[in-house]
Amino acid sequence: MIAIPIHDTILLPDITFYFKKDSFTDWEVERLAPGEEMIFAFLTDEAEDLPDSENHPTKELKDLIYPVGIRARLESVDNEGTYKIRTKNRVNITSVTEEEDGNVEVNFTDRPDLEDLTPEEQARKFARIRDDYLEFVKMFQWGLWARGLILQWKNLNELICTMNPYFSMTWDEKMAIVLTDKLSERYRLIEQAAYEFIEMAKVNNEAANQQQQENESIYRENALKKQIEILQNELDDMHPENISDVRQFQKKIEESGMNETARKEADKVLNRMKQEGQNGHEYGMLYDYLDFVTSLSWKKPEPAEIDLIHAGEVLDADHYGMKKVKDRILQQLAVMALKKQQSGSILLFVGAPGTGKTSIGQSIAKALGREYVRISLGGIRDEAEIRGHRRTYIGAMPGRIMEGVKRSGVSNPVVVLDEVDKLAKEYGGDPASALLEVLDPEQNFSFTDHYMNVPYDLSNVFFVCTANQLDTIPEPLLNRMEVIEFPGYSELEKESIAKKHLIPKAYEAMGIKKSQLKISDTAIRKVIQEYTMESGVRGLKKRIEGICRHAAVRLVKGEKKLSVIPGNLKEYVDGHGIHRDKVEKKVVPGIVTGLAWTAAGGEILYIETKKVSGTGQVIITGQLGDVMKESFSIAISLVKEMFPKETKDLQKYDLHIHVPEGAVPKDGPSAGITITTALASLFTGRKVDPTLAMTGEVSLRGNVMPIGGLPEKLMAAVRAGVKLVFIPKENVEDLEDIPEEVKKELTITPVEKIKDVLEKTGILNA
């Protein structure tokens with residue numbers, strides 16, 4: 001008899017079903033006529049890809065067919081090719097033959113069911129399951145359609161054959177139902193599969209309903225939030241003064257342009273703020289934090305065009321002289337203009353107070369069209385002043401760097417870090433080390449202030465540092481900066497600065513018109529010469545302001561026009577003139593004029609020596625530092641070597657070396673040749689002209705070594721009346737930085753050996 005192989009479909013006796021020609025198999029069935037019978041042969045899992053005439057499985061067909069099949073009869077075939085089949089009974093397949101045309105023929109014997117259930121018991125089981133299915137499908141929208149299908153079932157065989165595609169059963173589990181001979185066992189398996197499907201469907205339906213409810217709740221919540229937001233925005237527009245703190249910060253966070261990390265932290269703090277409420281004990285701290293981070297500018301600015309000509313004009317208008325300093329600043333701006341971004345070294349301006357270090361930072365900001373911020377670092381001892389305090393501490397605050405950036409309102413200000421040489425290192429940490437991350441362009445693009453706890457990009461900030469001296473700046477910090485020295489001003493430069501800048505600003509500050517007060521050039525020069533003694537112009541500025549205040553009193557009292565000249569200057573200046581060291585007119589052996597550098601500028605420094613009867617002791621006075629004490633020891637050794645006869649009886653004398661102004665600490669490596677010359681003068685009895693001054697350190701081999709602060713020292717020499725100055729030969733290049741009016745007043749002689757100094761002073765015969 002012809003066989004039709006099928007897979008994954010249950011067929012049992014006494015059911016009617018319909019299928020189209022290709023529903024189960026590719027074997028030809030056209031030769032079957034209504035009334036003819038066929039055998040449905042069940043294929044194993046290995047034959048999921050059903051064989052056809054062109055592509056047979058690797059195994060033989062008989063090895064892929066279960067030994068049990070279903071005998072059925074073709075009832076009819078309609079015009080659309082639908083086959084109506086009525087199953088009869090199960091059979092045992094005894095042999096399988098695959099014909100040349102691709103059809104399959106089988107031999108079989110009948111396999112009867114073991115009827116161990118009465119018809120009444122079968123009907124009851126079927127009725128109970130059918131009623132449960134009718135009740136079950138009511139919970140679904142498609143229940144009405146399913147009810148019609150269920151009512152067509154005649155027995156449990158039809159139930160399982162209809163529903164098996166929807167049951168979660170393996171093919172082996174389905175075949176177990178077909179292979180079972182006992183009717184009671186078969187019905188038990190059908191009942192188990194039927195109720196498992198119902199329970200699984202209920203669970204899935206409950207899960208789907210719960211998910212739908214959750215989704216509906218979320219959608220509803222989102223819709224309500226959206227509606228509330230729309231209404232709240234309308235209320236905020238109508239009454240902006242009543243916007244709540246939370247709403248304000250929420251709006252600020254959205255508009256701030258924060259990076260992702262900062263946005264997450266701000267949202268987290270905002271949520272805590274909502275939960276705290278205005279009466280919460282942490283509300284104030286959370287408010288301060290959000291107020292700070294939302295006040296910062298997070299958006300990266302577009303690179304602006306840099307006009308070097310305009311920048312040069314701004315620098316020239318705001319500051320007199322300082323050509324090398326201005327050229328270096330313009331070089332930095334030129335690099336930025338080419339790269340379209342912040343780049344170049346961090347500039348460190350070093351010089352005496354009042355030389356324009358801080359104010360030139362303002363000029364840079366003006367030239368670039370940026371905001372200007374000054375941050376004073378003098379006396380900072382705690383690292384938290386730079387990095388900020390962690391928010392776990394009461395009274396936590398951001399560091400001065402981020403506070404300054406916030407104050408500027410932009411992300412690319414010009415920040416002047418004033419007095420980096422006055423940072424202190426104590427138990428609170430090392431603020432100079434904390435400053436490394438701020439100034440290092442390799443790190444500051446993600447600077448993290450402890451208070452903020454999120455990275456902030458400082459790479460767009462133009463940092464400028466200032467210091468009075470380099471000695472106290474740690475080497476790692478100094479290496480990240482390019483040192484630009486600010487020399488002191490000559491008297492001529494001070495006069496020009498006073499006329500162009502200081503006097504007009506003082507007039508404006510005091511409310512004095514130019515027609516009401518005239519300060520003569522000679523009066524200005526007298527103020528500079530007799531009332532100031534600094535390298536900068538800060539003291540001069542105070543004196544001019546004092547003159548203007550005295551003038552203001554007179555103008556208010558009724559005087560119309562005032563003129564300040566040297567003859568009436570004392571009427572306008574507070575206090576007496578400043579005592580200046582002048583070269584001594586009396587020439588005494590053992591006294592030599594030296595030049596020294598201080599934080600306030602240059603000064604002359606006398607080295608005084610004397611020998612008295614004694615036991616060979618060396619007495620040094622004048623509150624000297626270790627470096628100068630070493631210079632005295634080297635000078636004594638050199639003098640003993642060069643003047644053995646004069647120093648042979650040294651044990652009979654006590655040698656006293658003194659540097660005047662004993663209350664003022666003095667130190668530095670530039671007094672070596674002065675000390676040596678003074679001792680040589682003492683032992684030889686040969687006098688040194690007091691209008692001759694010198695500066696330079698000396699080695700034990702007699703070499704004169706270079707020094708720093710040469711411009712300030714030479715200006716001090718001019719003020720003191722010095723005519724001839726000895727400088728180290730290696731400092732000759734520094735003369736380019738000396739104003740011409742200073743060089744005209746002095747005869748500057750480079751020296752290479754201490755012998756050169758002694759020969760030129762006449763102490764040692766050439």
Side-chain angles (χ1 to χ4, degrees), residues 296 325 328-329 332-333 336 342-368 370-388 397-426 428-445 447-452 456-486 536 599:
L296 285 169
V325 174
R328 179 61 188 86
I329 293 172
Q332 184 96 337
L333 300 185
M336 291 170 55
Q342 180 68 39
S343 59
S345 306
I346 305 299
L347 303 181
L348 172 61
F349 299 151
V350 180
T355 51
K357 301 184 300 297
T358 303
S359 60
I360 207 166
Q362 289 179 297
S363 299
I364 293 173
K366 190 191 300 183
L368 291 173
R370 297 193 189 183
E371 295 297 322
Y372 167 78
V373 177
R374 176 183 172 271
I375 300 174
S376 178
L377 303 180
I380 288 182
R381 302 175 183 274
D382 190 351
E383 182 181 328
E385 292 283 344
I386 304 296
R387 291 189 183 275
M397 295 187 302
R400 295 197 184 190
I401 304 299
M402 293 310 305
E403 182 64 41
V405 173
K406 176 214 166 188
R407 198 164 65 243
S408 74
V410 294
S411 62
N412 65 337
V414 174
V415 175
V416 174
L417 301 176
D418 239 350
E419 300 175 324
V420 294
D421 56 327
K422 296 179 179 62
L423 290 170
K425 183 177 180 180
E426 277 195 358
D430 184 1
S433 297
L435 205 58
L436 294 176
E437 184 182 354
V438 175
L439 298 179
D440 192 342
E442 299 298 325
Q443 303 179 54
N444 65 7
F445 65 89
F447 174 72
T448 301
D449 185 279
H450 288 163
Y451 179 79
M452 293 173 57
Y456 187 87
D457 187 359
L458 291 177
S459 62
N460 295 312
V461 178
F462 191 115
F463 284 107
V464 175
C465 301
T466 73
N468 294 133
Q469 54 191 8
L470 299 178
D471 302 347
T472 57
I473 302 177
E475 193 67 27
L477 180 58
L478 191 59
N479 286 339
R480 283 167 171 78
M481 299 183 286
E482 181 176 346
V483 177
I484 299 177
E485 294 186 356
F486 275 59

*Asks:* Could you tell me whether the side chain of Met481 reaches within less than 4.5 Å of the side chain of Leu439, counting heavy atoms only?
*Replies:*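 Yes, side chains in contact.
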
*Asks:* Taking atom types as modelled, find out whether Thr358 and Asp418 have a side-chain donor-acceptor pair closer than 3.5 angstrom.
*Replies:*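 The criterion, which ignores hydrogens and geometry beyond distance, is satisfied for Asp418 and Thr358.
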
*Asks:* For the residue pair Ile473 and Ala467, what are the closest heavy atoms and their distance?
*Replies:*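 Closest pair (atom of Ile473, atom of Ala467, distance): CD1-CB, 3.9 Å.
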
*Asks:* Working to the nearest 0.5 Å, report the span between CG of Asp457 and CG of Asn412.
*Replies:* 10.5 Å

*Asks:* Could you tell me whether the side chain of Val373 reaches within less than 4.5 Å of the side chain of Val405, counting heavy atoms only?
*Replies:*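 Result no, sub-4.5 Å side-chain heavy-atom pair not found.
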
*Asks:* Can you name the residues that form a ring pair (Phe, Tyr, Trp, His ring centres under 6.0 Å) with Phe486, not counting sequence neighbours?
*Replies:*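 For Phe486, the residues satisfying ring pair (Phe, Tyr, Trp, His ring centres under 6.0 Å) (neighbours in sequence not counted) are Phe349.
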
*Asks:* Just wondering, do Ile380 and Arg400 contact through their side chains at under 4.5 Å, heavy atoms?
*Replies:* yes

*Asks:* Report yes if the side chains of Val461 and Ser408 come closer than 4.5 Å at any heavy-atom pair, otherwise no.
*Replies:*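 Side chain of Val461 against side chain of Ser408, heavy atoms only: no contact under 4.5 Å found.
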
*Asks:* Measuring only between side-chain heavy atoms, which start at C-beta, is Val464 closer than 4.5 Å to Tyr372?
*Replies:* no

*Asks:* Roughly how far apart are Arg370 CZ and Asn460 CG, rounded to 0.5 Å?
*Replies:* 7.5 Å

*Asks:* What residues form a salt bridge (charged side-chain N to carboxylate O under 4.0 Å, His left out) with Asp421, not counting sequence neighbours?
*Replies:*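 Not a single residue meets the salt bridge (charged side-chain N to carboxylate O under 4.0 Å, His left out) criterion with Asp421.
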
*Asks:* Could you measure the distance from the CD1 atom of Ile401 to the CG atom of Leu458? Nearest 0.5 Å is fine.
*Replies:* 8.0 Å

*Asks:* Run the salt bridge (charged side-chain N to carboxylate O under 4.0 Å, His left out) test against Arg480 and tell me which residues pass, sequence neighbours left out.
*Replies:*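 So Arg480 forms a salt bridge (charged side-chain N to carboxylate O under 4.0 Å, His left out) with Asp440.
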
*Asks:* Got Cys465 and Ile346 here, is their nearest side-chain heavy-atom distance under 4.5 Å?
*Replies:*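 Sidechains of Ile346 and Cys465: in contact.
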
*Asks:* Can you tell me how far apart CD (Gln332) and CD1 (Ile364) are? Round to the nearest 0.5 Å.
*Replies:* 8.5 Å

*Asks:* Answer whether the closest heavy-atom distance between the side chains of Tyr451 and Met402 falls below 4.5 Å.
*Replies:*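 Side-chain contact under 4.5 Å: no.
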
*Asks:* Roughly how far, to the nearest 0.5 Å, is CG of Asp449 from CE of Met397?
*Replies:* 11.0 Å

*Asks:* Output every pair passing salt bridge (Lys or Arg N to Asp or Glu O under 4.0 Å) with a member in residues 349-366, not counting sequence neighbours, ordered by first then second residue.
*Replies:* Asp318-Lys366

*Asks:* Can you list the residues that meet the side-chain contact (heavy atoms from CB on, under 4.5 Å) rule with Glu403, with sequence neighbours excluded?
*Replies:* Phe292, Pro398, Lys406, Arg407

*Asks:* Applying salt bridge (charged side-chain N to carboxylate O under 4.0 Å, His left out), name anything that partners Glu371, two or more places apart in sequence or on another chain.
*Replies:*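 Glu371: no salt bridge (charged side-chain N to carboxylate O under 4.0 Å, His left out) contacts found.
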
*Asks:* Specify the closest pair of heavy atoms between Phe462 and Leu368, including all atoms of both residues, with the distance to one decimal.
*Replies:*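 Closest approach of Phe462 to Leu368, heavy atoms only: CD1-CD1, 4.0 Å.
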
*Asks:* State whether the number of non-hydrogen atoms from other residues, nucleotides or ligands found under 6.0 Å of Glu385 atom CD is greater than 12.
*Replies:* yes

*Asks:* Is the shortest side-chain heavy-atom distance between Leu348 and Leu470 below 4.5 Å?
*Replies:* yes

*Asks:* Minimum heavy-atom separation for Leu423 and Pro431, please, with both atom names.
*Replies:*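 Taking Leu423 first and Pro431 second, the nearest heavy atoms are CD2-CB, 4.2 Å.
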
*Asks:* Rounded to the nearest 0.5 Å, what separates atom NZ in Lys422 from atom OG1 in Thr466?
*Replies:*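 Taking NZ in Lys422 and OG1 in Thr466, the distance rounds to 8.0 Å.
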
